[in-house]
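Only one structure is covered here, and it is reproduced in the block below.
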Amino acid sequence: MICLRAKPLIEKTQEYLVKLRRSLNQAPRLDVLLIGNHEASAIYVGRKKQAAQDIGIDVVIHHISDHASQDHVEKLISMLNNESNCSGILLQLPLPAHFNVMKLLTLIDPAKDVDGFHPLNKGNHLDNFAAFVPCTALGVSRLLKFYNINLQSKNVLVLGRSAIVGKPLAIESLHQNATVTIAHSATKNLPDLVKQADIIMSATGHFGVIQWDQVHEHQIIIDVGIHRHNGDIVGDLGKKPAEKIVAAYTPVPGGVGAMTVNSLMYNIFKAYCLQKQSGCWADIAQSIDALTL
Ligand code: NDP
């Protein structure tokens, strides 16, 4: 049974990115738009900032009042789109209800869309064409590759169909020749689908939709969920009982969440390289890919 810890891959990637950063004339810069006082968002932004600073990426956090207008945020995005020192723009979600999220995401320059949520990047991802892949899906793909888990011809069950997690996970799996089933809140016979899957990727945002006693020793469990349960941070399935055997599983914390942050760093360097030194990204991407071998 393999515990798919993110740490060994993150350490290797960080080491490579620190060297890469030293070789650049200028630091890549991430601009984060943090709107309102959503507690979890502030924690996630803090983690992204720390990870970025650890490898020499500059970070500017635009802390915006939850009373700010749509127009105010649109103007800020337009300004950042035109600022040559800004490599990537991240709109931390969720936003207060009065914002038109889609309009804001669509306004971000696709070349600076390091979260991969712009419709152009989403469409390119769907067609397996050069795109910024959303960080959670990219993180899961990189982690699986690192642990030599090949999705070819595997039955992958993705629980959740959100635009930012579930669908990109399903698309990534499809690109790797898996046979993909997407389950959601209207899916019938979920226990049967769980039984048939080789790999289960759970991103429901609900604790206990599937449970450890439903999965068997030949399955791989990728747990994307993040929950606070009895004082601990756990995934959708909760803490794995010590006696439970599966082929492989991601720990929470230390699995998908950590890979998501690390893959944001990947996307920031990609944005920087594509903007400043077009042509060199292909070699860098190949070197980063080689770290997973
Ligand atoms: P959403 O709430 O947007 O989507 C949840 C999805 O799960 C929906 O598609 C929903 O179906 C589906 N779902 C809900 N209940 C059930 C059920 N009983 N059976 C089957 N499907 C169900 O959440 P997100 O996609 O944004 O996030 C999902 C989880 O991932 C959260 O716990 C979040 O905290 C975590 N997360 C983790 C990240 C990481 O880095 N580890 C990054 C981002 C998110 P329907 O569409 O029908 O409503």
Side-chain angles (χ1 to χ4, degrees), residues 3-7 9-10 13 32 34 38-52 90-95 97 101-102 105 114-117 122 125 132-144 156-173 180-197 200-211 214-215 221-229 232-239 249-267:
C3 177
L4 306 170
R5 288 183 209 289
K7 198 171 171 211
L9 175 55
I10 288 176
T13 314
V32 181
L34 176 61
H38 194 265
E39 197 190 331
S41 291
I43 294 171
Y44 293 144
V45 167
R47 286 189 192 144
K48 291 167 190 174
K49 181 177 176 187
Q50 188 61 56
L90 187 151
L91 179 64
Q92 182 66 39
L93 302 177
L95 300 188
V101 181
M102 202 55 214
L105 290 175
V114 287
D115 251 345
F117 297 161
K122 287 205 255 179
H125 186 213
F132 288 102
V133 176
C135 302
T136 301
L138 178 61
V140 169
S141 288
R142 293 176 55 229
L143 191 66
L144 290 173
V156 171
L157 173 64
V158 179
L159 286 135
R161 57 174 166 182
S162 72
I164 61 174
V165 184
K167 282 180 190 151
L169 277 173
I171 294 164
E172 277 290 286
S173 304
V180 182
T181 304
I182 306 176
H184 44 78
S185 61
T187 297
K188 282 188 193 162
N189 303 328
L190 188 57
D192 290 341
L193 297 175
V194 168
K195 228 182 271 172
Q196 288 157 21
I200 298 163
M201 301 184 177
S202 184
T204 68
H206 291 280
F207 180 69
V209 170
I210 57 165
Q211 302 186 3
Q214 287 180 274
V215 298
I221 314 300
I222 306 297
D223 199 337
V224 180
I226 303 175
H227 308 270
R228 219 172 253 287
H229 187 71
D232 289 331
I233 299 289
V234 295
D236 282 359
L237 282 83
K239 199 167 167 10
Y249 70 99
T250 54
V252 181
V256 177
M259 282 310 301
T260 299
V261 175
N262 186 257
S263 294
L264 173 66
M265 305 305 123
Y266 177 104
N267 276 349

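In listed order, ligands and their atoms are each counted from 1. The first residue of the sequence shown is numbered 1, and numbering continues consecutively from there. Just so you know, these numbers use all the heavy atoms, side chains as well, and skip hydrogens, waters and symmetry mates.
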Margin query: Quick check: closest heavy atoms across D115 and L91, and the distance to 0.1 Å?
Written below: OD2-O, 4.3 Å
Item checked: Neighbour list for ligand 1 [protein residues, heavy atom under 4.0 Å] -> T136, G160, R161, S162, I164, V165, H184, S185, A203, T204, G205, H206, V209, V224, G225, I226, V256, G257, T260
Notebook entry, point to check: With no hydrogens and no angle check, do the side chains of D236 and H227 hold a donor and an acceptor under 3.5 Å apart?
Noted result: yes
Note to self: Testing the basics here: between P168 and S162, what is the closest heavy-atom pair and its distance to 0.1 Å?
What the structure shows: CD-O, 3.7 Å
Note to self: Checking H229 now: which residues fulfil side-chain hydrogen bond (donor to acceptor under 3.5 Å, both in side chains) with it, not counting sequence neighbours?
What the structure shows: none
Next item on the list: For H38 and Q92, test the side chains for any donor-to-acceptor distance below 3.5 angstrom and give the result as yes or no.
Entry: no
Checklist line | Taking every non-hydrogen atom, the tightest pair across G238 and V234 | finding: CA-CB, 3.9 Å
